[in-house]
Amino acid sequence: MNAAAEKITASINEGRMLSHLKNFFSKTSTVLSECMQNARRAGATQVEFAHIGTTLSITDNGCGVTNFKDLITLAGSGWSEEMMSSEQPFGVGFFSVCFVAEKICVESKGKQISFSAEDVIEKHPINIVPSSFIGGTRITLTDIKMDGKEIEDALKKYATGFAIPV
């Protein structure tokens, strides 16, 4: 008599994976290069960083965010098939914003989302609400965990040779 073979499939512990995402980013300043790269991929011709107190705003003039859910979908970048083919974005980089600030606000195309790392890790619903910002994309990081010198030094390093003005 043959017993049925036991079968298993790959799975993921979502909660643990989300809570450990911060370990993907060895340096806090990685968020700056990730935002620069996303701006370039969005067709921006410039990206601006403004640091005041404990708030950092990153604004680009790219195509903007069409689907906010793509931002918080692990391994789901939302980029075009052409971009996926040419650069193979992994869909993890944007998550770096979650671990460098207490509050994150993303505005694009007259809409915005505001959330914290806990909201993402605990999978809390994030409301999409109207915004007066119509341009490309503006990301505001409140209570950022980097000081002005660290931001300035990292931007100088990452902007050297970058394809668009920073």
Side-chain angles (χ1 to χ4, degrees), residues 18 21-22 24-117 119-120 126-166:
L18 290 170
L21 270 177
K22 63 184 167 224
F24 277 85
F25 308 102
S26 59
K27 291 182 0 181
T28 307
S29 62
T30 301
V31 69
L32 305 173
S33 66
E34 293 292 345
C35 289
M36 289 168 61
Q37 183 176 22
N38 285 346
R40 182 190 52 76
R41 286 179 176 159
T45 57
Q46 67 181 28
V47 59
E48 178 181 309
F49 292 80
H51 179 243
I52 300 171
T54 60
T55 300
L56 176 66
S57 294
I58 305 142
T59 307
D60 70 55
N61 64 350
C63 66
V65 178
T66 301
N67 184 350
F68 282 96
K69 185 157 177 52
D70 288 338
L71 295 177
I72 59 167
T73 299
L74 186 59
S77 70
W79 294 111
S80 69
E81 287 301 319
E82 181 181 342
M83 184 64 67
M84 296 288 286
S85 175
S86 67
E87 295 196 23
Q88 301 175 342
F90 192 61
V92 173
F94 180 79
F95 280 90
S96 64
V97 302
C98 295
F99 305 106
V100 298
E102 292 300 316
K103 186 151 181 117
I104 300 96
C105 178
V106 181
E107 300 171 275
S108 187
K109 298 184 176 184
K111 296 179 182 177
Q112 76 177 30
I113 57 173
S114 295
F115 58 95
S116 67
D119 292 331
V120 171
I126 299 170
N127 295 322
I128 300 172
V129 298
S131 167
S132 60
F133 183 81
I134 304 297
T137 302
R138 178 169 57 203
I139 301 168
T140 304
L141 306 174
T142 305
D143 292 333
I144 192 160
K145 298 171 185 167
M146 290 186 284
D147 63 32
K149 176 89 169 104
E150 183 180 5
I151 292 168
E152 183 180 344
D153 290 348
L155 284 175
K156 284 179 183 176
K157 175 184 170 187
Y158 297 141
T160 301
F162 192 62
I164 61 176
V166 177

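Since we're looking at a predicted model, the values are computed, not measured.
Interatomic distance, CD1 of Ile104 versus OG of Ser116, reported as 6.5 Å (0.5 Å rounding). For the atom pair NZ of Lys145 and OG of Ser29, the computed distance is 14.5 Å after rounding to the nearest 0.5 Å. Summarising the geometry, atom CD1 belonging to Ile164 is positioned 11.0 Å from atom CD belonging to Gln37; distances are rounded to the nearest 0.5 Å. Interatomic distance, Leu32 CG to Ile58 CD1, rounded to the nearest 0.5 Å: 6.5 Å. Separation of atoms CG (Leu56) and CD1 (Ile144) is listed at 4.5 Å; rounding is to 0.5 Å.
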Identify every side-chain donor-acceptor pair in residues 47-55 under 3.5 Å, counting partners at least two apart or on other chains, and give the distances.
unit_1, atom_1, unit_2, atom_2, d
His51, NE2, Gly53, O, 3.0
Thr54, OG1, Asp143, OD1, 3.3

Donor-acceptor list for residues 128-141 side chains, cut-off 3.5 Å, not counting sequence neighbours:
unit_1, atom_1, unit_2, atom_2, d
Ser131, OG, Glu107, OE2, 2.8
Ser131, OG, Phe133, N, 3.0
Arg138, NE, Glu107, OE1, 2.8
Arg138, NH2, Glu107, OE1, 3.1
Arg138, NH2, Glu107, OE2, 3.3

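Annotation: side chain of Met36 is in contact with side chain of Leu155 (closest heavy-atom distance under 4.5 Å). Residues Ile113 and Leu71 are in side-chain contact: their nearest non-hydrogen atoms beyond the backbone lie under 4.5 Å apart.
When all heavy atoms are compared, the tightest approach of Arg40 to Phe162 is CB-CZ, 3.9 Å. Heavy atoms only, all atoms of each residue included: Met146 and Ile151 are closest at CB-CG1, 3.8 Å. Contact detail for Gly64 and Ser108: the closest heavy-atom pair is CA-OG, 3.1 Å. Residues Ala44 and Asp60 share a closest heavy-atom pair of CB-CB, 3.9 Å.
No option in Asp119, Ile72, Val31, Val120 other than Val120 meets the side-chain contact (heavy atoms from CB on, under 4.5 Å) test with Cys98.
Between the Thr160 side chain and the Lys156 main chain, a donor and an acceptor come within less than 3.5 Å of each other.
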- Item | Candidate pair Lys157 and Asp153, rule salt bridge (charged side-chain N to carboxylate O under 4.0 Å, His left out), full reasoning | CA-CA 6 Å; Lys157 175 184 170 187; Asp153 290 348; over 6 Å; no
- Message: Would Thr66 and Lys109 count as a side chain to side chain donor-acceptor pair (under 3.5 Å) here? Give the steps.
- Response: CA-CA 8 Å; Thr66 301; Lys109 298 184 176 184; 3.1 Å; yes
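Residue Lys111 qualifies as open at atom NZ: its count of foreign heavy atoms under 6.0 Å is 12 or below.
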